[in-house]
Amino acid sequence: MSAESTPGPGIPGDTGTDGARHRGKGKRRKPQRRRKGLMITAWTAAGIVVVGGAGAGYLYFKLNGNLKSVDIDQALGTDRPKKADNGSENILVLGSDTRAGSNKKLGGGTDDGSARSDTAMIVHIYKGHKKASVVSIPRDTLIDRPACTDTQGNEHPAAQNAMFNSAYSTGGAACAVKTVESITDLRMDHYLEVDFAGFQKLIDDLGGVEITTTKSIDDPESHLKLKAGTHTLDGKQALGLVRTRHGVGDGSDLGRIQLQQAFIKALVNQIKDVGVFSNPKKLLDLAETATKTVTADSDLGSVNKLASFANGLKGISPSNMHMITMPVAYDPADPNRVLLQKKKADQIWKALENDRPIPKSATSGSATGEAKGVVTAP
């Protein structure tokens, strides 16, 4: 089933873009409710550890049995970008908005048997695992989606001028990875996915996340009300924040991405501040939740592998995280869609390919969403 994302107010941008063009009539769609975003990052998987001492064997098998994994490599075959040989890694992190099970109440809408990648990030871990760049991909970006084969072996034809988030709803994780690799020409070494219910419970298990708002937020769509000031968000509030777009910035998905990126930094701060790496009880709670709600690629599909991977990210602090949005401009034909600024984006992909910092010129002049600074980490 083809995906549709949430239309929302947009600001027409520079027409001098290169990328897929939408052939619509330019009419602004009425906002549809309950098509909201989701955010989680690879660092939340830091809760996946094996607790030592008596009963460790039982815990290992219990947690290992919780894990869900997808064999991306088998589905995509060998027609992929080469793995980097410079010590860096790329992880595609998706937030899915399936309405199945407990997610229906959180996400709203109906369970139509499909899910959408409302949030997508490329997390580039630099050699030495001390720094990271995070590139958010707007779900409303119009792209040429490649033909792909899903993990069940079903083939899906290519599509032109398709929204980015249609890749996941069409062919699942494998198609999403294939699409990202076709856009970036970068190998995605790993894949992580989390859903509404998992995100909310992970934040509650963590004990909440502290953020500061420079403006009041009142979004009836995400049911979030926050006065300007410092707050410790529980899981429900955190989910509301990363779903918020209306009444913040220009009301676009790009503004929501800016809120999500600010929340990520606050989340990383919180993980370090509460000492989850030295608190066995908190680790166990996080591990129990994360192994039930996080889906990973088969290379990370065991507790030992995921724990080792997450443990290697401990050295990355918020100050060493460079967070940007893939450069886009609003589509003049439909301001609820965005177009890839290919030349600028190519600067990003080339920098990551060579394990170098992303140049400022790569994002200058890109549409932003105008919500930067509304949420900060204290």
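Worth saying up front: this structure is predicted, and the values here are computed from it rather than measured. Reckoned from all heavy atoms, side chains included, excluding hydrogens, waters and symmetry mates. We count residues from 1, following the sequence as given.
- The closest side-chain donor-acceptor pair between Ser302 and Asn304, if any, does not fall under 3.5 angstrom.
- At least one side-chain heavy atom of Gln260 sits under 4.5 Å from a side-chain heavy atom of Val242.
- With rounding to the nearest 0.5 Å, the separation of CG in Asp297 from OG1 in Thr151 is 12.5 Å.
- Distance alone, capped at 3.5 Å, is enough to place a donor-acceptor pair between the Gln258 side chain and the Lys372 backbone.
- Between Pro157 and Arg145 the shortest heavy-atom distance is O-NH2, 3.7 Å.
- Each of Val338, Ile257, Asn165 was compared with Arg139 under the side-chain contact (heavy atoms from CB on, under 4.5 Å) criterion, and only Asn165 meets it.
- Residues Asn86 and Asn354 come closest through the heavy atom pair ND2-C, 3.8 Å.
- Annotation: side chain of Asn64 is in contact with side chain of Leu67 (closest heavy-atom distance under 4.5 Å).
- When only modelled atom types and interatomic distance are considered, Asp355 and His124 share a side-chain donor-acceptor pair under 3.5 Å.
- Residues Tyr126 and Glu89 have side chains that never bring a donor and an acceptor to within less than 3.5 angstrom of each other.
- Looking at Met323 and Ile264, their side chains come closer than 4.5 Å, going by heavy atoms from C-beta outward.
- No more than 12 heavy atoms of other residues, nucleotides or ligands shown are found within 6.0 angstrom of NZ on Lys131.
- One distance of note links CG of Asp144 with CG of Leu340; it measures 10.5 Å at 0.5 Å rounding.
- Taking 4.0 Å as the cut-off between side-chain N and carboxylate O, Asp346 and Lys350 do not count as a salt-bridged pair.
- Applying the 6.0 Å contact sphere to CG of Asp71 captures more than 12 heavy atoms from other residues, nucleotides or ligands.
- Asp140 has its side chain out of reach of Phe164: every pair of non-hydrogen atoms, C-beta onward, lies at least 4.5 Å apart.
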Residues Gln347, Ser361; criterion side chain to side chain donor-acceptor pair (under 3.5 Å); working and verdict: CA-CA 8 Å; Gln347 295 181 50; Ser361 59; 2.7 Å; yes
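- Under the 4.5 Å side-chain criterion, counting only non-hydrogen atoms from C-beta, Met326 is in contact with Thr141.
- Looking at heavy atoms from C-beta onward, Val268 lies out of side-chain contact with Lys265 at the 4.5 angstrom threshold.
- For the pair Leu224 and Leu226, the minimum side-chain heavy-atom distance is below 4.5 Å.
- The line from NZ of Lys201 to CG of Leu239 is 14.5 Å long, rounded to the nearest 0.5 Å.
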Salt bridge (charged side-chain N to carboxylate O under 4.0 Å, His left out) evaluation trace for Asp204 with Lys236: CA-CA 8 Å; Asp204 283 334; Lys236 183 177 180 180; over 6 Å; no
CA sep, side-chain torsions, deciding dist, call: Tyr330, Asp250, side chain to side chain donor-acceptor pair (under 3.5 Å): CA-CA 12 Å; Tyr330 293 107; Asp250 63 11; 2.5 Å; yes
Pair Trp349-Val135, side-chain contact (heavy atoms from CB on, under 4.5 Å): steps then yes or no: CA-CA 10 Å; Trp349 317 139; Val135 184; 4.1 Å; yes
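- Of the possible donor and acceptor atoms, one in the side chain of Ser166 sits under 3.5 Å from a partner among the backbone N and O of Met163.
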Thr230 vs Thr212, side chain to side chain donor-acceptor pair (under 3.5 Å): CA-CA, chis, key distance, verdict: CA-CA 4 Å; Thr230 299; Thr212 297; 3.0 Å; yes
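- Summarising the geometry, atom CG belonging to Leu306 is positioned 9.0 Å from atom OG1 belonging to Thr291; distances are rounded to the nearest 0.5 Å.
- For the atom pair CD1 of Ile72 and CE of Met188, the computed distance is 11.5 Å after rounding to the nearest 0.5 Å.
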Derivation and outcome, side-chain contact (heavy atoms from CB on, under 4.5 Å), residues Lys225 and Ile217: CA-CA 5 Å; Lys225 288 186 178 182; Ile217 298 175; over 6 Å; no
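- Among all heavy-atom pairs drawn from Gln261 and Thr325, the shortest one is NE2-OG1, 3.5 Å.
- Leu94 and Ala176 get closest at one heavy-atom pair: CD1-CB, 3.8 Å.
- The distance from atom CZ of Arg243 to atom CG of Asp219, rounded to the nearest 0.5 Å, is 9.0 Å.
- For the pair Leu186 and Pro81, the minimum side-chain heavy-atom distance is 4.5 Å or more.
- Side-chain contact, Asp150 with His156: a donor N or O sits under 3.5 Å from an acceptor N or O.
- Checked by atom type and distance alone, the side chain of Thr232 never pairs as donor or acceptor with a backbone atom of Gly208 at under 3.5 Å.
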Test log, rule salt bridge (charged side-chain N to carboxylate O under 4.0 Å, His left out), inputs Asp299 and Lys305: CA-CA 7 Å; Asp299 284 345; Lys305 290 179 180 179; 5.3 Å; no
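- In terms of heavy atoms, Phe309 sits closest to Leu300 at CB-CD2, 3.8 Å.
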Residues Ile91, Asp189; criterion side-chain contact (heavy atoms from CB on, under 4.5 Å); working and verdict: CA-CA 6 Å; Ile91 303 100; Asp189 299 290; 5.8 Å; no
CA sep, side-chain torsions, deciding dist, call: Ser222, Thr244, side chain to side chain donor-acceptor pair (under 3.5 Å): CA-CA 6 Å; Ser222 65; Thr244 289; 2.8 Å; yes
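- At least one donor-acceptor pair closer than 3.5 Å links the side chain of Gln237 to the backbone N or O of Asp234.
- For the side-chain contact (heavy atoms from CB on, under 4.5 Å) with Val328, the lone residue among Thr368, Leu254, Leu339 that qualifies is Leu254.
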Arg187 and Glu181: CA distance, side-chain angles, deciding distance, side-chain contact (heavy atoms from CB on, under 4.5 Å) verdict: CA-CA 6 Å; Arg187 175 72 168 246; Glu181 291 185 344; 3.6 Å; yes
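- Distance alone, capped at 3.5 Å, is enough to place a donor-acceptor pair between the Thr214 side chain and the Gly373 backbone.
- Within a 6.0 Å sphere centred on NZ of Lys360, other residues, nucleotides and ligands contribute 12 heavy atoms or fewer.
- Looking at every heavy atom in both residues, Ala167 comes nearest to Thr179 through CB-OG1, 3.3 Å.
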